[in-house]
Amino acid sequence: MPADHHSVSARELLFLLLTAVLTITICSKSSVLYPFNDWVDSNCFFTVGKAAVHGKVIYRDIYEQKGPLLYFLHSFAYLLSNTTFFGVYLLEIAAAFFFLYYSYKIVSLDSAGESLWLMPVLSALVYSSASFCHGDSAEEFCLPLLTYALWVGLRALKEQKQPKLHQYFLIGVTSGCVLWIKYTMLGFYVGWFLVPAALMIAGRQWKRLAQSVGLIGAGVATATAPFLVYFGVNHAIADWFKVYFYDNIFSYSKMEQSSVQQSVFHNIIYGTMSTFEYNLIPMGLVLIGLIWFYLNGNKKTNWYLFACLSGTLILVYAGGQRHIYYALIFSAFSSLGMIAIQNSVVEMLPDSRKRNLSRGKRLANLGAVVGLLLICVVRSSNVYLIPHEKEDLPQYRFRDIIRTVENPTLLNYGFLDGGFYTVCDVVPTCKYFCGLNSRAEEIAQGQKQCLEEGTTDFIVTRDATIDE
């Protein structure tokens, strides 16, 4: 454990990086072990990111509903590798590293004894869960951001201080990043601010309260400014807000309009149940951690954790969607269970063994890495694809046909992006380049118009007839 409970040594950083590399390499379909990431969502992100590199304006010229930051991350990945997910693989490793880094710092706040060995175990359990899905979700990239904020709050409460002023600014920046990746995870930050705000109000620290609000706002503005410039210069601010906010709220949500309050309550209850279904072991760690803090912590910490978790649950599930990958974001709280496990193990040891814990830490760390490999291989639902070759997949078989035409154009008709744009390195010519999980009529109409006008050389469809 770091001597001051906050600093992390170079050796520990290297260990966490190795853990991240091993975990993502085994569990994510974006990794070099896999022939291709065939998840439709990942390919949607990649196609939009690629289109942006080639001059198309997001939302105005190409339609998809996630936040612009997610697409620009994939623009960067596209620049690293045009027809594979290697760039995404590197981004996933970075995200996993920072998730583990701040999880380690959280565990180190309250853990008795060496806790580095817990990180490979935590990593394996989180990234091999069903909620990790295929790899490359919006939740995956937001996970380290929420974990950072959780650490800031827990550290401040442990030290009985307010977060530092620069940390409020960074909370604003990171929450701004979440806003422009997938805003439904912002409920976490609402809960996060409730406890420090209540403490400042109770202590009549009005200047500090104003400073914290101002710095958070400045951080959000800093994260937002590049997008205001991008969409402003391209005269697409209206398209940005229409697609990202209006269409997501009114065309993607499943909330019953006739009884909003009842629907929201129903959605949150069933969403919470689905979180345990799709992310069972990490959520088990969350529960264990909450119980441990209730028994050993203080009221302020307990209220803080309750507010953060409740805020996340409410906003993630209020709209009624319960996709499997939604549950992954709650792994930000899973380090709490590791604190409980570590302290429980240490408490059961005799005093003589407690004094000699550091002697076995290298063996424990090695054992944890071996455990990581076993857990990932056994639990991950993605490893089935590793033995396959690219030629086994329809994307690469279709590529051989499509390449017979010089500068081919393509329409992914009636279903989410199947990866054909990716492997063929084709930039869509139709704004509605694929079908989406949205009730917006313009998507189906736009696809039908492209079909009727014959604007593409090739059309790829699935479980549908062209004359539908």
Side-chain angles (χ1 to χ4, degrees), residues 8 16-17 20 23-24 28 45 66-74 76-77 88 90-107 119 122-123 126-127 131-132 135-156 163-164 166-194 196 212 215-227 244 279 282 286 304-305 307-309 311-316 325-336:
V8 180
L16 294 174
L17 179 59
T23 308
I24 296 302
S28 174
F45 308 154
K66 293 295 191 301
L69 178 53
L70 185 63
Y71 300 133
F72 284 122
L73 287 173
H74 285 77
F76 174 75
V88 175
L90 296 181
L91 290 174
E92 287 186 84
I93 289 173
F97 169 76
F98 284 107
F99 164 68
L100 292 172
Y101 175 75
Y102 286 109
S103 294
Y104 182 43
K105 290 173 80 70
I106 288 172
V107 174
M119 293 303 101
L122 176 65
S123 185
V126 168
Y127 290 99
S131 65
F132 184 67
D136 188 27
S137 65
E139 285 74 10
E140 182 181 355
F141 293 113
C142 290
L143 189 57
L145 304 178
L146 268 64
T147 308
Y148 164 74
L150 186 65
W151 168 72
V152 169
L154 287 172
R155 177 182 175 178
K164 298 175 182 178
H166 80 272
Q167 290 177 328
Y168 278 119
F169 176 75
L170 290 176
I171 290 296
V173 172
T174 52
S175 61
C177 290
V178 172
L179 169 63
W180 302 122
I181 292 176
K182 190 174 180 181
Y183 63 79
T184 54
M185 288 176 274
L186 285 176
F188 170 91
Y189 291 93
V190 176
W192 183 93
F193 191 62
L194 286 177
S212 64
L215 286 167
I216 290 174
V220 173
T222 300
T224 303
F227 304 111
Y244 188 48
N279 205 23
V286 175
Y304 167 73
L305 294 173
C308 290
L309 187 58
T312 311
L313 281 167
I314 290 169
L315 202 56
V316 166
Y325 48 86
Y326 283 15
L328 180 64
I329 196 61
F330 296 93
S331 296
F333 300 89
S334 57
S335 55
L336 304 177

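Numbers here simply count residues along the sequence, with the first being 1.
Minimum heavy-atom separation, L143 to A332: CD1-N, 3.3 Å. Nearest heavy-atom pair, L91 versus A77, reported as atom, atom and distance to 0.1 Å: CD1-CB, 4.2 Å. Minimum heavy-atom separation, F188 to A149: CE2-CB, 3.5 Å. L315 and G187 get closest at one heavy-atom pair: CD2-N, 3.3 Å. The minimum heavy-atom distance linking A307 with L194 is given by the pair CB-CD1, 4.3 Å. The minimum heavy-atom distance between G172 and S175, with the atom names listed, is O-OG, 3.0 Å.
Put simply, the side chain of K66 does not reach to within 4.5 Å of the side chain of I181, judged on heavy atoms. Residues S212 and F193 form a side-chain contact, since some pair of their non-hydrogen atoms from C-beta on lies under 4.5 Å apart. Side chains of F333 and L146 form no contact here, defined as non-hydrogen atoms less than 4.5 Å apart. Contact of the L305 side chain with the L154 side chain is registered, since non-hydrogen atoms from C-beta on lie closer than 4.5 Å. Looking only at side-chain heavy atoms (C-beta outward), P226 and W180 stay at 4.5 Å or farther from each other. Considering only heavy atoms from C-beta on, W192 stays 4.5 Å or farther from L186 through its side chain. A 4.5 Å side-chain heavy-atom check between L170 and L215 finds every atom pair outside the cut-off.
A donor-acceptor pair under 3.5 Å links the side-chain atoms of S137 to the main chain of E140, judged by distance alone. Formation of a donor-acceptor pair under 3.5 Å by the Y325 side chain with backbone atoms of G135 is not found in this model. Between the side chain of N279 and the backbone N or O of A327, at least one donor-acceptor pair lies under 3.5 Å. At distances below 3.5 Å, not a single donor-acceptor pair connects side-chain atoms of S123 with backbone N or O atoms of M119. Between the side chain of E92 and the backbone N or O of D136 there is at least one donor-acceptor pair closer than 3.5 Å.
Using cut-offs of 30° and 60° on the angle between ring planes, the pair W151 and Y102 is tilted. Taking the six-membered ring for Trp and thresholds of 30 and 60 degrees, F99 and Y127 have ring planes more than 60 degrees apart, a perpendicular arrangement.
Atoms CG and OG, from L122 and S335 in turn, are 6.5 Å apart once rounded to the nearest 0.5 Å. The structure places CZ of F227 at 4.5 Å from CG of L69, a figure rounded to the nearest 0.5 Å. Separation of atoms CG (L73) and CZ (F76) is listed at 9.0 Å; rounding is to 0.5 Å. A distance of 3.5 Å separates CD in E139 from NZ in K182, rounded to the nearest 0.5 Å. Expressed to the nearest 0.5 Å, how far CG of L313 lies from SG of C308 amounts to 11.5 Å. We find the OG1-CG distance between T184 and L179 to be 10.5 Å, quoted to the nearest 0.5 Å.
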Item checked: Steps toward side-chain contact (heavy atoms from CB on, under 4.5 Å) verdict (V126, L328) -> CA-CA 8 Å; V126 168; L328 180 64; 4.0 Å; yes
Next item on the list: Step by step, work out the side-chain contact (heavy atoms from CB on, under 4.5 Å) result for Y104 and V8.
Entry: CA-CA 9 Å; Y104 182 43; V8 180; 4.1 Å; yes
Next item on the list: Please step through side-chain contact (heavy atoms from CB on, under 4.5 Å) for the pair L150 and Y304, ending with a clear verdict.
Entry: CA-CA 9 Å; L150 186 65; Y304 167 73; 3.9 Å; yes
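Environment of OH in Y183: crowded, with over 12 heavy atoms of neighbouring residues, nucleotides or ligands closer than 6.0 Å.
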